[in-house]
**Student:** 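Please read through the structure below; I'll follow up with questions.
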Number of protein chains: 2
Amino acid sequence: MGKIRETFRRYLSDKGLKSTQQREIILDEFLRAGSHLSTEELYLRIRRQHPNIGYATVYRTLKLFSECGIAEEHNFGDGQTRYESVAGEEHHDHLICTGCKRIIEFEDPRIESLQDEVARLHDFKILDHRLELYGLCSECRQK
Amino acid sequence: MGKIRETFRRYLSDKGLKSTQQREIILDEFLRAGSHLSTEELYLRIRRQHPNIGYATVYRTLKLFSECGIAEEHNFGDGQTRYESVAGEEHHDHLICTGCKRIIEFEDPRIESLQDEVARLHDFKILDHRLELYGLCSECRQK
DNA sequence: TGTTTCCATGAAAATGATTATCAATCTTGG
DNA sequence: CCAAGATTGATAATCATTTTCATGGAAACA
């Protein structure tokens, strides 16, 4: 956790960017809030205790987290960008229930290495990937 | 190809929707135009010969193709929805070059079945999935 | 063929997510 | 402490998408 803050601070410093109170507050809340958070959700949480922090600032700061590599952006088709922290986690993929919108994370090294193989076959160097499985969880299937 | 048109016609009829000239024209151009086409790209193509067809109509009709199952929607992160026809093709996945924006299609049954296994493990029934590998093609890597 | 119903159209307006603008503030380095 | 310039917050602008609405037209029926 401290490592994330340190990474962010170093990124700012290296890029000649500033470490502001607002950025610290947004990072704190982002790390506390859990995964797959939309910009608006985070903004609403922050506003409770820090009504002076503006929506645009939250927006910009989340994008900065993403550029810095401490967060990943996801678009699961609902028109909202969601962010999650990379804290303590390896890359993972997502199962999304189209019924209840629940998001389940998974990882399968076998899939990862097959992806690498596909890329090699096409002489591609992979920088990023997304694997999202959309379907119905057991509960939604019973309804 | 004629199967696609028939599928679309039957869908319209089953749903009590109308088969209009505009829809036929849009379908023709869509099928002719090739893959991974954005709404605007298709609209510009259609406008050349049919300047009376409006942008909103192209929009709506592409969405209708997607609902009907004769086209698939993709979002590769550039803010534009792209459509491709399902004509004659099995489901496939995408390699996207972040340099030149080239899109390469691939399919790997081994990955598909690992996905099924992951879903089963979480008691999910998959309805749809997306696998997108982002990276650099050999040409962009030389620049 | 004519009539009726109601879906679809086209253009423009509206919507919502995202980005840009700008005066004021603040952080950081010297 | 001061200067430089990044950042802020509120608002305006932008963009993809959707909605609105008067009019047109497809399809079903007689």
Side-chain angles (χ1 to χ4, degrees), chain A residues 5 8-30 36-68 71 73-83, chain B residues 5 8-30 36-68 71-83 101:
Chain A
R5 288 174 218 271
F8 187 53
R9 287 225 182 99
R10 200 182 312 107
Y11 178 83
L12 291 178
S13 176
D14 288 352
K15 294 271 189 175
L17 304 178
K18 302 185 190 222
S19 179
T20 64
Q21 285 266 48
Q22 288 92 337
R23 286 175 173 170
E24 300 269 3
I25 289 165
I26 291 166
L27 182 56
D28 284 348
E29 193 61 43
F30 176 63
H36 311 120
L37 206 61
S38 73
T39 307
E40 187 176 11
E41 281 161 7
L42 185 59
Y43 172 67
L44 293 179
R45 292 178 69 109
I46 285 165
R47 192 177 62 175
R48 285 188 215 148
Q49 299 205 22
H50 305 281
N52 290 349
I53 295 190
Y55 193 75
T57 298
V58 176
Y59 236 114
R60 283 183 293 227
T61 307
L62 282 172
K63 283 191 105 39
L64 196 53
F65 294 164
S66 179
E67 282 161 27
C68 163
E73 292 182 22
H74 295 297
N75 287 281
F76 296 135
D78 64 350
Q80 306 199 291
T81 301
R82 291 179 189 282
Y83 293 84
Chain B
R5 289 173 217 273
F8 187 51
R9 286 224 185 101
R10 198 180 316 107
Y11 179 83
L12 291 179
S13 177
D14 288 353
K15 294 271 187 175
L17 304 178
K18 304 184 190 218
S19 179
T20 64
Q21 286 265 50
Q22 290 90 338
R23 286 174 173 170
E24 300 268 3
I25 290 166
I26 292 167
L27 182 56
D28 285 346
E29 193 61 42
F30 176 63
H36 311 120
L37 206 61
S38 73
T39 307
E40 187 176 11
E41 281 162 8
L42 185 60
Y43 172 67
L44 292 179
R45 293 178 68 108
I46 285 165
R47 192 177 63 174
R48 285 187 215 148
Q49 299 204 22
H50 304 283
N52 291 348
I53 296 191
Y55 193 75
T57 300
V58 176
Y59 235 113
R60 282 181 295 223
T61 307
L62 282 172
K63 282 189 104 41
L64 196 53
F65 294 163
S66 179
E67 281 161 28
C68 164
E72 286 197 347
E73 292 184 19
H74 295 296
N75 287 280
F76 296 135
D78 66 349
Q80 305 200 293
T81 301
R82 290 178 191 284
Y83 294 84
K101 308 305 174 191

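Here the structure is a predicted model, which means the values were calculated and not measured. Proteins get letters first, then strands, A, B, ... in listed order; numbering begins at 1 in each.
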**Student:** Within this structure, what is the CZ-to-P distance between B:Arg60 and D:dT18, rounded to whole angstrom?
**Tutor:** 11 Å

**Student:** Could you check whether A:Glu24 pairs with A:Arg9 (Lys NZ or Arg NE/NH1/NH2 to Asp/Glu carboxylate O, under 4.0 Å)?
**Tutor:**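 Judged by the 4.0 Å cut-off on N to carboxylate O distance, A:Glu24 and A:Arg9 do form a salt bridge.
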
**Student:** Rounded off to whole Å, could you give me the OH-to-P distance for the B:Tyr55 and D:dA16 pair?
**Tutor:** 6 Å

**Student:** Figure out the CG/C1' separation between A:Asp78 and C:dG16, and round it to whole Å.
**Tutor:**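 One finds 13 Å between C1' of C:dG16 and CG of A:Asp78, rounded.
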
**Student:** Specify the separation, in whole Å, of atom CG of B:Asn75 and atom C1' of C:dA17.
**Tutor:**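 So the CG-C1' distance, B:Asn75 to C:dA17, works out to 13 Å.
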
**Student:** Might you list the N or O atoms of the protein lying below 3.5 Å from N or O atoms in nucleotides 12-14 of chain C, with each pair's distance?
**Tutor:**
none

**Student:** Centroid-to-centroid, A:Phe65 to A:Tyr83, below 6.0 Å?
**Tutor:**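 No - the distance between ring centres of A:Phe65 and A:Tyr83 does not fall below the 6.0 Å cut-off.
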
**Student:** For a quick check, with a 4.0 angstrom heavy-atom cut-off, what is the B/S/- contact string for nucleotides 23-28 of chain D, read 5' to 3'?
**Tutor:** --BBS-

**Student:** Under 4.0 Å between a Lys/Arg side-chain N and an Asp/Glu carboxylate O for B:Arg5 and B:Asp28?
**Tutor:** yes

**Student:** To the nearest Å, how far apart are B:Glu24 CD and C:dT9 C1'?
**Tutor:** 15 Å

**Student:** Work out which heavy atom in B:Ile26 is nearest to a heavy atom in B:Val58; give both atom names and the distance.
**Tutor:** CD1-CA, 3.9 Å

**Student:** Between B:Thr39 and A:Leu12, which is nearer to the 5' end of DNA chain D once each is assigned its nearest nucleotide?
**Tutor:** A:Leu12

**Student:** Figure out the NZ/P separation between A:Lys15 and D:dT7, and round it to whole Å.
**Tutor:** 12 Å

**Student:** Assign B:Gln80 to base, sugar-phosphate, or nothing according to its heavy-atom contacts below 4.0 angstrom with the strands shown.
**Tutor:**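 It contacts sugar-phosphate atoms only.
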
**Student:** Of B:Thr81 and A:Pro51, whose closest DNA chain D nucleotide lies nearer the 5' terminus?
**Tutor:**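 Its nearest nucleotide lies further toward 5', so the answer is A:Pro51.
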
**Student:** Take atom OH of B:Tyr59 and atom P of C:dT9, then tell me their distance rounded to the nearest Å.
**Tutor:** 16 Å

**Student:** Search all heavy atoms of B:Gly54 against all heavy atoms of B:Tyr43 and return the closest pair with its distance.
**Tutor:**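 Where B:Gly54 meets B:Tyr43 most closely, the heavy atoms are C-CE1, 3.8 Å.
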
**Student:** A quick test of your reading: do over 12 heavy atoms of other residues, nucleotides or ligands sit less than 6.0 Å from CD of B:Gln80?
**Tutor:** yes

**Student:** Could you tell me if A:Thr81 and A:Glu73 have a donor-acceptor pair between their side chains, going purely by distance under 3.5 Å?
**Tutor:** no

**Student:** Taking side chain as C-beta onward, heavy atoms only, is A:Leu17 less than 4.5 Å from A:Leu64?
**Tutor:**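 They are in contact (side-chain heavy atoms under 4.5 Å apart), so the answer is yes.
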
**Student:** Before accepting this row, confirm whether a basic side-chain N of the pair B:Arg82/B:Glu41 lies closer than 4.0 Å to the acidic partner's carboxylate O.
**Tutor:** yes

**Student:** How many Å lie between NZ on A:Lys63 and P on D:dT7, as a whole number?
**Tutor:**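 Taking atom P of D:dT7 as the reference, NZ of A:Lys63 is at 15 Å.
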
**Student:** Using the closest heavy atom to pick a nucleotide of DNA chain C for each, name whichever of B:Tyr43 or B:Gly16 lands nearer the 5' end.
**Tutor:**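 On the 5' side of the pair lies B:Gly16.
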
